[in-house]
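Just so it is clear, the values below take in all heavy atoms, side chains as well, and ignore hydrogens, waters and symmetry mates. Letters A, B, ... are given to chains in the order of the sequence lines, protein chains preceding strands, and every chain is numbered from 1. Note that this is a predicted model, so its numbers are computed, not measured.
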Amino acid sequence: PVMAAAQAEAGTARSVTAEPAGPAMGDVRPVSPAMGERGAAGPAVDGPEGEAGTATVAEEPPAPPALPGLRLVQQGAEAHVYRGLFLGRAAVAKLRVPKRYRHPALEERLSRRRMAQEARSLLRCRRAGIPAPAVYFVDYVTNSIYLEDIVDSITVQDHIYSVQKSGDDTSGLHKLAEKMGELLARMHDEDIIHGDLTTANLLLRPPMEKLDLVVIDFGLSFISGLPEDKGVDLYVLEKAFISTHPDTETMFQALLKTYAATSKKSGPVIKKLDEVRLRGRKRSMIG
Amino acid sequence: MERTHRLELFPDHSVTLLLFQHVKNAAALRKKAMEGSIDGALINPAMIVDPFQILVAANKAVHLQKIGKMKTRTLNAEIIFSLSPSNNISDAFKKFGISDSDTAVLIVLVMDGDKTVNLADIASQVEGQQVSLDELPQLTDTAKVEKMYKVTPQEENIGTLVDSVVCRMSTKDVL
């Protein structure tokens, strides 16, 4: 079963998605028992990583870093994500999972590139004033990265779930969508393509009413000025949105509207988005 | 007074910071550090925003030493180099190391398992007054730091100055 993030940690938990394998956001996320790993104990699940489960080669999970208060947050296919104290600060450690089925030279290069892209995009975001975690340490040997932990945050995904469940405050969601559109417009104006936009990769800092958003997980990001790439970035988010959160079409529309209003280069991007939508999967051309 | 922190990723190593004001013998201290009679990194506190900045530099330096990939020749030099946003070693020393006319000095000592350093011994060599690390913010030249690290005004809204600084330090060699 897919290793869910620490959903068991009451409500205020943050689901940090490690690099997932494609747009798998439609899955139901089972609530697993708390993955609290105190001290330097390794992850409870050994053997193949929690993905499709058909891996024939047993993947050695990377040894967890010896950080005080260490907790395994998520065991993704690409990386194990931990939370702990690093040099006195709340930090997130992303340790890449080596893929033994890959040729070692390729593996090394790919791993290095992904990590470099993540670090580069994070720095680029920060320089432009786009809220993203600060980078504390990059380890080129194990291809791990230590980042700022946005403490007490929740994912936009969890926030939408709880709002929809409690049944009120739909106007708040509208505002949230506008904020998201604004943030993405600014990011795309810096030519930063996130590569894995989902509601689980957007965090809300407390207090929630302030709608203080932070973008995370730039492992699949890259720099591009092409409207096509930006359009696809938005398309991925749209798909993730609608499949994970029912009845949110109007919300996404509000997001796009603000995006178009905020970004100076939005015209061609929206056009491309429409094109990509027509192109999308399972679009039968047979009458 | 001084502050010590253990490096989580390198458990045998700990970092101690000592801060001195009204220092009269900066020139002599600098010479001693270069000769190696003081086994520590002597840093200009005006360029330091928060002890965390030093810890990040020390962590990186120790990491590079362990894998044999230091850019400089000694661990202490590497700490100073890690603080700098540039890849020019002498520039790093000029900006982050102490100069003969400085009156405030931050001494960083990295100790590992077998090596013990006598703090009182080090402190006695400084002709100045040792003060608590809490005094550091008063010694920081914020404008100079912002200029040195090229911190943009937009960054103020998303984090503290030390966040911006540390980000640049850690991603310096990624590009």
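- Interface residue A:Arg205: only side-chain heavy atoms are found under 4.5 Å from chain B.
- Listed for the B:Ser170 side chain is no donor-acceptor partner under 3.5 Å among the backbone atoms of A:Val138.
- Counted within 6.0 Å of CZ on A:Arg102, heavy atoms from surrounding residues, nucleotides or ligands total more than 12; the atom is thus considered enclosed.
- Atom OH of A:Tyr146 is separated from atom CD of B:Glu8 by 9.5 Å, given to the nearest 0.5 angstrom.
- Within the 3.5 Å criterion, the main-chain N or O of A:Ile130 finds no donor-acceptor partner in the side chain of B:Gln154.
- Residues B:Asp163 and A:Arg89 are paired through a salt bridge, judged by an N-O separation under 4.0 Å between the basic side chain and the carboxylate.
- Annotation: B:Glu156, atom CD; neighbour count of heavy atoms from other residues, nucleotides and ligands within 6.0 Å does not exceed 12.
- Interface residue A:Leu85: only backbone heavy atoms are found under 4.5 Å from chain B.
- For chain A, the nearby part of B:Val162 is the side chain; its heavy atoms alone come within less than 4.5 Å.
- At a threshold of 4.5 Å between non-hydrogen side-chain atoms, the residues B:Leu9 and A:Phe86 count as touching.
- Heavy atoms from other residues, nucleotides or ligands lying under 6.0 Å from NZ of A:Lys265 number more than 12.
- In this structure, B:Cys167 and A:Ala134 approach most closely via the heavy-atom pair SG-CA, 3.8 Å.
- Interface remark: of the candidates B:Asn59, B:Ile67, B:Val151, B:Asn59 forms the most heavy-atom pairs closer than 4.5 Å to chain A.
- In this structure, the side chains of A:Phe137 and B:Val56 stay at 4.5 Å or more apart for every pair of heavy atoms.
- Here the straight-line distance linking atom OG of B:Ser164 with atom CG of A:Leu123 works out to 9.5 Å at 0.5 Å rounding.
- Taken from OH in A:Tyr140 to CG in B:Leu64, the straight-line distance is 9.5 Å, to the nearest 0.5 Å.
- Considering every non-hydrogen atom in both B:Glu155 and A:Arg126, the closest pair reads CG-O, 2.8 Å.
- Taking CG from A:Asp139 and NE2 from B:His63, the interatomic distance works out to 4.0 Å, rounded to the nearest 0.5 Å.
- The backbone N or O of A:Arg120 lies less than 3.5 Å from no partner atom in the side chain of B:Thr171, so there is not a single donor-acceptor pair.
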